[in-house]
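Order of the sequence lines sets the chain letters (A, B, ...), proteins ahead of strands, with each chain counted from 1. Since we're looking at a predicted model, the values are computed, not measured.
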2 protein chains.
Amino acid sequence: MKKTYSISDLADEFDITTRTIRFYEEKGYLSPKRDGTRRIYSPPDRTSLRLILRGKRLGLSLDETAELIRMYGSAQGNRQQLEKFIVRIGEKRAELERKQRDLAVMLSDLKNVEDQCQLALAEYGNSMNNTSEIS
Amino acid sequence: MKKTYSISDLADEFDITTRTIRFYEEKGYLSPKRDGTRRIYSPPDRTSLRLILRGKRLGLSLDETAELIRMYGSAQGNRQQLEKFIVRIGEKRAELERKQRDLAVMLSDLKNVEDQCQLALAEYGNSMNNTSEIS
DNA sequence: CATTACGTTTACGTTAACGTAAAGCATGAT
DNA sequence: ATCATGCTTTACGTTAACGTAAACGTAATG
């Protein structure tokens with residue numbers, strides 16, 4: 001049950017073009033196997049792609065996302081390296097947590113606007129009811 | 001107490017260049033008053049800039065952010081317009097909520113890596129203690 | 001009064017992240 | 001056999017969001 005995917009399988013699944021997938025490979029963010037000349041994607045390849053697209057949705061650059069993906073892979077090294085690594089993780093987390101706060105504020109603002117709209121709509125509903133009662 | 005800001009006041013405060021601020025104006029996302037030829041920014045101008053930068057951090061395009069800013073301003077119009085508007089708000093909210101989920105997953109993944117690192121570091125700490133006890 | 005600091009406009013340059021098109025190979029269906 | 005389908009490489013084009021530089025105005029300061 002070693003499932004594999006063609007390039008358009010993935011393109012369809014993630015709603016992107018094959019050009020995009022080839023571009024990611026060209027830049028070194030994907031390295032699928034080949035069947036002759038054709039690209040064969042494994043489940044890990046698929047996961048990498050998903051992570052890339054997730055980062056993209058959050059406004060990370062491909063390089064930033066690639067760094068995160070590398071981070072997921074390995075928590076190894078000597079003490080010095082580990083300590084530096086933890087600092088780096090902390091920076092990334094701070095960045096993501098700021099995005100989280102930004103998002104919370106935007107969603108709250110948006111909800112306020114939505115409530116205002118609903119109120120205005122309710123007014124329309126009332127006048128409609130009134131006029132329909134009058135007529 | 002009608003506070004105003006120069007272009008470099010805002011550039012310093014938000015840690016961007018004056019070029020960036022002029023670019024936003026050139027594209028119609030800001031419209032400061034003028035003192036002769038010099039740009040004078042009001043608190044609302046400053047707020048607009050903050051909203052733009054917030055959107056940018058979340059990976060929104062300037063146009064998308066501008067649409068959000070327009071949304072904040074006005075919940076008016078006839079019933080048809082209000083209904084369309086609410087649908088549009090719902091779409092935006094869905095998009096932002098997806099970002100929220102993406103962020104939660106990334107932060108969780110990052111925390112796992114961090115924990116692994118801490119564990120590895122603790123190992124180093126133990127062997128250090130051991131060797132120091134031995135020596 | 002020359003320098004320093006801050007502002008202005010105009011305009012060409014740059015980078016990331018793809019889009020688009022051309023030209024060709026392989027394979028299964030009609 | 002040829003037609004459609006799906007894959008390939010190569011390569012030039014495009015857009016957003018600024019960077020960078022030139023050339024200039026103005027106002028305070030040593």
Side-chain angles (χ1 to χ4, degrees), chain A residues 3-42 45-46 48-70 92 95 98-99 102, chain B residues 3-42 45-46 48-70 92 95 98-99 102:
Chain A
K3 173 132 208 193
T4 64
Y5 313 87
S6 77
I7 192 170
S8 41
D9 285 345
L10 295 184
D12 289 351
E13 175 176 359
F14 292 110
D15 197 29
I16 55 182
T17 69
T18 59
R19 175 67 178 95
T20 297
I21 297 178
R22 288 198 195 93
F23 172 77
Y24 293 156
E25 177 178 352
E26 187 183 326
K27 292 292 174 177
Y29 306 118
L30 287 177
S31 329
K33 291 286 177 332
R34 297 281 182 144
D35 170 22
T37 165
R38 307 204 148 170
R39 292 165 173 84
I40 307 293
Y41 297 88
S42 67
D45 291 329
R46 181 164 162 275
S48 291
L49 181 54
R50 202 199 357 253
L51 294 180
I52 291 173
L53 296 175
R54 178 180 295 153
K56 184 188 170 188
R57 282 195 300 271
L58 292 174
L60 302 187
S61 73
L62 283 171
D63 277 355
E64 284 175 316
T65 302
E67 193 193 355
L68 276 178
I69 293 181
R70 278 194 301 276
K92 276 292 169 191
E95 190 185 326
R98 162 152 216 189
K99 282 181 200 284
D102 283 337
Chain B
K3 173 132 208 193
T4 64
Y5 312 87
S6 78
I7 192 170
S8 40
D9 286 344
L10 295 184
D12 289 352
E13 175 176 359
F14 293 110
D15 197 29
I16 56 181
T17 69
T18 58
R19 174 67 177 96
T20 298
I21 298 179
R22 289 197 195 95
F23 172 77
Y24 293 157
E25 177 178 352
E26 187 183 325
K27 292 292 174 177
Y29 305 119
L30 287 176
S31 329
K33 290 287 177 332
R34 296 282 181 142
D35 169 23
T37 164
R38 307 205 148 169
R39 291 166 173 84
I40 306 294
Y41 297 87
S42 66
D45 291 329
R46 181 165 162 274
S48 291
L49 181 54
R50 201 199 357 254
L51 294 180
I52 291 173
L53 296 174
R54 178 180 295 153
K56 185 188 170 187
R57 282 194 300 272
L58 292 173
L60 302 187
S61 73
L62 282 172
D63 277 355
E64 285 174 315
T65 302
E67 193 192 355
L68 275 178
I69 293 181
R70 278 194 300 276
K92 276 292 168 191
E95 190 185 326
R98 163 152 215 190
K99 283 182 200 283
D102 284 337

Enquirer: I want to confirm an ordering. Mapping A:Y24 and B:R38 to their closest nucleotides on DNA chain C, which one lands closer to the 5' end?
Expert: B:R38
Enquirer: Answer with yes or no whether the side chains of A:S48 and A:D45 bring together a donor and an acceptor at under 3.5 Å.
Expert: no
Enquirer: If you take all heavy atoms of B:Y24 and B:L49, which pair is closest and at what distance?
Expert: CD1-CD1, 3.8 Å
Enquirer: Check the phosphate of C:dT9 against B:T37, side-chain N and O only, distance under 4.0 Å to OP1 or OP2. Yes or no?
Expert: no
Enquirer: Is a salt bridge present between B:E25 and B:R39, judged by a nitrogen-to-oxygen distance below 4.0 Å?
Expert: yes
Enquirer: B:E25 CD to C:dG7 P: how many Å, rounded?
Expert: 14 Å
Enquirer: With a 4.0 Å cut-off on heavy atoms, is A:K27 in touch with a base, just the backbone sugar-phosphate, or nothing at all?
Expert: nothing
Enquirer: Starting from the C-alpha separation in whole Å, work towards a yes-or-no answer on salt bridge (Lys or Arg N to Asp or Glu O under 4.0 Å) for B:E95 and B:K92.
Expert: CA-CA 5 Å; B:E95 190 185 326; B:K92 276 292 168 191; 3.7 Å; yes
Enquirer: So how far is it from B:I52 CD1 to B:L68 CG, rounded to the nearest 0.5 Å?
Expert: 11.5 Å
Enquirer: May I have the distance from A:D35 (atom CG) to C:dC25 (atom P), rounded to whole angstrom?
Expert: 18 Å
Enquirer: Please find the earliest and latest nucleotides of DNA chain D, in the 5' to 3' direction, that have an atom within less than 4.0 Å of any heavy atom of chain A.
Expert: D:dG6 to D:dA11
Enquirer: Compare side-chain N and O positions of B:S6 against OP1 and OP2 of C:dG7 and report whether any pair is under 4.0 Å apart.
Expert: yes
Enquirer: Less than 4.0 angstrom between a side-chain N/O of B:R22 and OP1 or OP2 of C:dT8, yes or no?
Expert: yes
Enquirer: If you measure only the distance, is there a donor-acceptor pair under 3.5 Å linking the side chains of B:D63 and B:Y29?
Expert: yes
Enquirer: More 5' along DNA chain D: A:R39 or B:T17, using each one's nearest nucleotide?
Expert: A:R39
Enquirer: Between atom CG in B:L10 and atom P in C:dG7, what is the gap in whole Å?
Expert: 10 Å
